[in-house]
Amino acid sequence: MTSDPEFKSDFLRLMQTRGYIHQITHPADLDAACLAGPIVAYIGFDATASSLHVGHLFSIMTLRRLQQSGHKPIVLMGGGTTKVGDPTDKDQQRPLLTDAQIQGNIDSIKTVFQRFLTFGDGPTDAVMVNNAEWLESFGYLQFLRDYGVHFTINRMLSFDSVKTRLDREQPMTFLEFNYMLMQSVDFLELERRYGCVLQMGGSDQWGNIVNGVELIRRVDQKPAFGLTTPLLSTASGQKMGKSVGGAVWLNADMRSPYDYWQFWRNTEDADVGRFMRLFTDLSLDEIARLEALEGAQINEAKKVLANAATSLLHGEEAAQAAEAAAVAAFEQGQLSTDLPSFEIPRGELEAGVVLAALAADAGLAASRGEARRLAQGGGLRVNDQAETDANRTLDASDLIDGVVKLAAGKKKIVLVRPV
RNA sequence: GGGGGAAUGUCCCGAGUGGCAAAGGGGGCGGACUGUAAAUCCGCUGGCGUACGCCUUCGUAGGUUCGAGUCCUACUUCCCCCA
């Protein structure tokens, strides 16, 4: 929408050249504000799961770019709003989470941000805030009188998040209908507490963000801006975030650095350059050189991408270990101790384990039945030998160098280790 | 307030004469081909069991029937028409 190429501020220039911008509410004014000095901007994250996934990485990187250009990022954890549930992009009401679940999720999510942002008390240091701080203390009447007056139902009904739900003939509760009010109040609250002037988010958040911008301009007569990032999908049109092995979680205990590295390594050719611009700090010159590679050579670029992206999240050491494991497994056909492993009591293995059960337990299949089907289709391998009979039992005689190598397909590999 | 329609495999869309674990897509997973890519082709896609099999599924709750996604009743939500 905004393709204004004449940005003068470092921040918007950086955002534009690396492909982060979809829409901006008042581009020229925002540009001027960024030029005038450090601004404060925020993105909200809901605490519906115990880890963020690759889809959120887009937003996290946006905050990183903000800080890199000398501005102050706020990470807003939706401790309060999660209790309501964002109806955007959902055709059904989400199950309501308990306080304890929400707090647990927040604690777990927190750790990831520290890898991408520098937190502290300095003028451009990042801060993390929980909107439960203010949302929980509102009385119903007070909330309605202070903020309800500034929203018309007519307007609210016209927003996509509401419209799609109605179009799909799905119920939308009053609770969810209030979500956009709460998000607007968040922005206002951050403006008052931290002088925050910009809210960013995915393009699906446009409606919610615009509401907040208007609320601030109306109530406090202060400038406020919104910026959205494009919807992230792969070049072949698929929604990004899922891959071999399910959702790409950012927390290491839910998705190993090895798997994370693999996720980036498996990027489609056409996406390599774009992803490097978005998800790594590689220089634009370097990226231009790498994405120009053709044919099989582009695999080198994919490795650079995987290393850079994994380094950001899990550290350089983990990235190198993942690469080494991958090179050993794929290019040399060797085992590496860095491959994901699954531990099994030694006695159990010596007594004999049914392959289907082991494959399911080790996470290669969702159930024994699935493991059987996988085997029948020729996708299950034991020590690199395709095994069509998932009912056979494995025992100590299957150990090679102390482990059994199980693989589902070419990319999901687990070393079964007796302990 | 009255009348008519709709809800299906817990990822999505969507067929379904009373015998159905339920057509067909999409998506996902696996195989072949390749470069750990894309495109294409093939297979699989509720759980448990080695297996004849057992269990759980068609908005919710009851009922009729040897047997119900399919018929009846009530309820929930949505759409359309009349007031």
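So you know, we letter chains A, B, ... as the sequences are listed, proteins then strands, and number each from 1. Bear in mind the structure is a predicted one, so any value in this text is a computation, not a measurement.
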Would you tell me if any nitrogen or oxygen in the side chain of A:Ser367 comes within less than 4.0 Å of OP1 or OP2 on B:C48? yes
Suppose we define a pair by two distances each less than 3.5 Å, Watson-Crick or G-U wobble; what does B:A61 pair with here? B:U73
C1' gap between B:G18 and B:C12, integer Å: 29 Å
In plain terms, say whether A:Asp281 and A:Arg65 are close enough for a salt bridge, that is, a side-chain N and a carboxylate O under 4.0 Å apart. yes
Picking from B:U36, B:C29, B:G35, the nucleotide nearest the side-chain atoms of A:Leu374 would be B:C29
Rounding to the closest angstrom, what is the interatomic distance between B:A83 and B:A74 at atom P? 26 Å
How would you label the contact of A:Ile298 with the nucleic acid (heavy atoms, under 4.0 Å): base, sugar-phosphate, or nothing? base
Would you mind pulling out the nucleotide paired to B:G24, Watson-Crick or G-U wobble, both distances under 3.5 Å? B:C13
Could you tell me how far B:C58 sits from B:G69 if I compare only their C1' atoms? Round to whole Å. 5 Å
When the C1' atoms of B:C11 and B:C29 are compared, how many Å lie between them, rounded to an integer? 14 Å
When rounded to whole Å, the CD to C1' distance for the pair A:Gln297 and B:A37 reads 15 Å
Would you say the base of B:U36 and the side-chain of A:Gln262 have a donor-acceptor pair closer than 3.5 Å? yes
Tell me whether A:Glu316 at atom CD has more than 12 heavy atoms from other residues, nucleotides or ligands lying less than 6.0 Å away. no
When the C1' atoms of B:U34 and B:U40 are considered, how many whole Å apart are they? 11 Å
Roughly how far, to the nearest 0.5 Å, is CD of A:Glu191 from CD1 of A:Ile216? 5.0 Å
Given the C1' atoms of B:U10 and B:A21, what is the spacing between them in whole Å? 16 Å
Any strand counts, and the cut-off is 3.5 Å on both contacts for Watson-Crick or G-U wobble. Which nucleotide pairs with B:G43? B:C29
Whichever of A:Arg373 and A:Glu323 has its nearest RNA chain B nucleotide further upstream toward 5': A:Glu323
Distance below 4.0 Å between A:Lys412 side-chain N/O and B:G28 OP1 or OP2: no
Check whether the side chains of A:Asn307 and A:Trp264 place a donor and an acceptor atom closer than 3.5 Å, and report yes or no. no
On RNA chain B, more 5' by nearest nucleotide between A:Gly378 and A:Arg265 is A:Gly378
Any side-chain heavy-atom pair from A:Leu117 and A:Met128 closer than 4.5 angstrom? no
Does B:C33 have OP1 or OP2 under 4.0 Å away from a side-chain N or O of A:Lys410? no
If you measure from the P atom in B:U77 to the same atom in B:G28, how many Å do you get, rounded? 36 Å
Are A:Gln205 and A:Gln199 close enough that a side-chain donor and a side-chain acceptor fall under 3.5 Å? no
What's the closest nucleotide to the A:Asp269 side chain, out of B:A37, B:G31, B:C29? B:A37
Sort me out a list of protein N/O and nucleotides 49-56 of chain B N/O pairs below 3.5 Å, or just none if empty.
unit_1 : atom_1 : unit_2   : atom_2 : d
B:G49  : OP1    : A:Arg368 : NH1    : 2.6
B:U50  : OP2    : A:Arg372 : NH2    : 3.3

Would you confirm whether A:Lys302, through its side chain, and A:Val272, through its main-chain N or O, come within 3.5 Å as a donor-acceptor pair? no
B:A61 and B:C52: how far apart are their C1' atoms, nearest whole angstrom? 36 Å
Taking syn as a glycosidic torsion within 90° of 0 and anything else as anti, which one is B:C20? syn
Who pairs with B:C78 - Watson-Crick or G-U, where each distance is under 3.5 Å: B:G5
Now, which nucleotide makes the Watson-Crick or G-U wobble pair with B:A37, with each of the two distances under 3.5 Å? none
Using the ring of A:Phe279 (Phe, Tyr or Trp, six-membered ring only), decide whether A:Arg274 places NZ or CZ under 6.0 Å from its centre and within 45 degrees of its axis. no
